[in-house]
Number of protein chains: 2
Amino acid sequence: MPVVKTSREEAVAAIAREFRAFGYDGASLSRLSGASGLGKSSLYHYFPNGKEDMAKAAADHVGAAVLELVITPLAGEGAPAARVKKAAAGLSKFYEGGKANCLVNLFSIGDAPEAAPGVAKTMAAALQNAFQAVAQNAGANAGDARQRAEQAIVEIEGALVVSRAQGSTRPFQRMLARLPGIIAAGE
Amino acid sequence: MPVVKTSREEAVAAIAREFRAFGYDGASLSRLSGASGLGKSSLYHYFPNGKEDMAKAAADHVGAAVLELVITPLAGEGAPAARVKKAAAGLSKFYEGGKANCLVNLFSIGDAPEAAPGVAKTMAAALQNAFQAVAQNAGANAGDARQRAEQAIVEIEGALVVSRAQGSTRPFQRMLARLPGIIAAGE
DNA sequence: GTCTATACGAAGATAGAC
DNA sequence: GTCTATCTTCGTATAGAC
């Protein structure tokens with residue numbers, strides 16, 4: 001049976017955009033209501049535990065996108081360098097070229113209540129594992145590969161912060177260009 | 001005449017700690033009042049424009065620390081690699097080994113009203129310039145040095161995000177170890 | 001499921017006594 | 001300068017009609 005995009009799914013997508021744009025505290029119920037097109041009471045109908053449930057749903061939604069756009073390409077077929085390039089393209093799409101933020105960062109700030117940040121951190125760990133596997137395919141030993149993967153995550157998060165601060169996507173784009181060298185160095 | 005630590009200066013230090021720990025939105029007046037030991041009315045006596053003034057004062061306070069602990073050592077005497085190592089030590093102290101946050105990141109999220117984020121971004125730019133100068137001293141041309149400096153800032157911001165997310169200062173410490181290689185590579 | 005209305009608290013900010 | 005008291009606004013959340 002085909003997966004129909006329910007009204008809830010569309011609402012979740014809109015809600016996730018708000019959280020990524022304004023953070024947990026900044027994404028007020030008014031904003032979430034306006035962005036999703038659902039009244040406050042409708043929001044509580046779909047998310048009985050209120051904002052916490054919305055954040056959790058947003059994190060799950062965003063995590064699925066990371067899986068599809070970045071982790072799957074990394075785990076796919078082809079040469080390590082080619083897979084990293086596909087992942088870089090996926091990252092660019094996922095982060096809208098550097099304009100969108102990362103929930104790992106946003107949900108670490110303010111009152112975000114446990115579950116949502118947990119999902120985000122789990123996805124980040126999965127991404128790091130995927131990077132590590134590619135680095136090992138490229139010839140690095142396990143420990144070295146793990147450090148390369150960590151550096152990749154660090155540079156992704158940092159480039160997003162710097163790009164946002166500078167109001168330019170250039171730092172993010174330059175980081176994407178560095179990625180193959182970080183993961184598959186000397187292959 | 002000796003610079004006496006006025007009550008205001010101590011209050012600013014406490015306020016800055018709160019902003020760095022909870023972000024702009026999260027550092028409520030109640031919290032700022034409690035941390036500084038000043039009642040709300042006293043806060044408004046020292047900071048007539050309220051929270052906005054407090055954030056600006058906090059940013060100035062923190063900026064002075066960056067100047068002293070990181071930028072000055074970078075601009076000092078000695079071999080480039082040695083200066084970067086001093087800066088790394090300064091960064092470790094400034095960020096409490098990776099446990100403290102960066103206002104450039106925090107003030108980019110939420111309702112922080114212009115002036116304070118501006119100060120933070122200006123300090124980040126000054127830091128990048130200092131890194132660039134050292135990289136040029138180490139033999140890099142201007143463009144290459146600028147990119148190395150940008151990467152350093154990116155890795156600093158990213159390592160802080162990752163360390164916070166993982167609840168470990170290890171990623172930050174490993175980044176510090178990479179710093180000399182980033183700035184003074186192949187010297 | 002969605003609406004209107006509303007409860008409740010916290011936040012930022014101000015007034016005026018001392 | 002600091003205090004108590006107060007004001008307003010906003011945010012989260014709920015009740016109950018439709």
Side-chain angles (χ1 to χ4, degrees), chain A residues 4-59 61 103 106-117, chain B residues 4-59 61 103 106-117:
Chain A
V4 178
K5 239 200 163 88
T6 76
S7 158
R8 187 179 191 276
E9 266 310 294
E10 295 179 54
V12 168
I15 286 167
R17 273 194 298 277
E18 293 299 302
F19 277 119
R20 289 182 80 182
F22 300 102
Y24 187 81
D25 293 333
S28 66
L29 288 193
S30 309
R31 242 197 256 272
L32 295 171
S33 171
S36 65
L38 294 174
K40 288 186 189 178
S41 295
S42 299
L43 285 178
Y44 277 88
H45 172 74
Y46 290 113
F47 309 98
N49 281 349
K51 199 172 176 178
E52 180 164 356
D53 275 4
M54 300 178 212
K56 174 67 164 53
H61 178 84
L103 290 182
L106 290 173
F107 280 177
S108 301
I109 295 167
D111 294 334
E114 305 258 326
Chain B
V4 179
K5 238 197 163 95
T6 77
S7 158
R8 188 180 193 275
E9 266 310 293
E10 294 179 55
V12 168
I15 286 167
R17 272 193 298 276
E18 293 299 302
F19 276 119
R20 288 184 80 183
F22 301 102
Y24 186 81
D25 293 332
S28 66
L29 288 195
S30 309
R31 241 197 258 271
L32 295 171
S33 171
S36 64
L38 295 173
K40 287 189 190 179
S41 296
S42 299
L43 284 177
Y44 276 87
H45 172 73
Y46 289 113
F47 310 98
N49 281 349
K51 199 172 176 178
E52 179 164 357
D53 275 4
M54 300 177 213
K56 173 70 164 51
H61 179 84
L103 290 182
L106 290 173
F107 280 177
S108 300
I109 295 167
D111 293 336
E114 303 257 326

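Order of the sequence lines sets the chain letters (A, B, ...), proteins ahead of strands, with each chain counted from 1.
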For the pair made of [atom1] in [X] and [atom2] in [N], what is the distance, rounded to whole Å?
X	N	atom1	atom2	value
Asp111(B)	dA13(C)	CG	P	11 Å
Leu32(B)	dA13(C)	CG	P	11 Å
Leu43(B)	dA11(C)	CG	C1'	14 Å
Phe47(A)	dT14(D)	CZ	P	15 Å
His45(A)	dT4(C)	NE2	P	17 Å

For the pair [X] (side chain) and [Y] (backbone), establish whether a donor and an acceptor sit closer than 3.5 Å, ignoring hydrogens and angles.
X	Y	value
Arg20(A)	Leu103(A)	no
Ser33(A)	Leu38(A)	yes
Lys51(A)	Ala27(A)	yes

Can you see which heavy atom on [X] is nearest to which on [Y], and at what distance?
X	Y	answer
Leu106(B)	Gly23(B)	CD2-CA, 4.1 Å
Pro113(A)	Glu52(A)	O-OE2, 3.4 Å
Ala16(B)	His61(B)	CB-CD2, 4.0 Å

Table of protein N/O atoms under 3.5 Å from nucleotides 15-18 of chain D N/O atoms:
residue	atom	partner	partner atom	Å
dA15(D)	N6	Ser41(A)	OG	2.9

Polar atoms only, N or O, under 3.5 Å: list the protein pairs with nucleotides 10-13 of chain D and their distances.
residue	atom	partner	partner atom	Å
dT12(D)	OP1	Lys51(A)	NZ	2.4
dT12(D)	OP2	Leu29(A)	N	2.5
dA13(D)	OP2	Tyr44(A)	OH	2.7
dA13(D)	OP2	Lys51(A)	N	3.2
dA13(D)	O5'	Tyr44(A)	OH	3.0

To the nearest 0.5 Å, atom CG of Leu43(B) lies from atom CZ of Arg8(B) at 10.5 Å

Below 30° counts as parallel, above 60° as perpendicular, anything between as tilted: where do the rings of Phe19(B) and Tyr24(B) land?
parallel

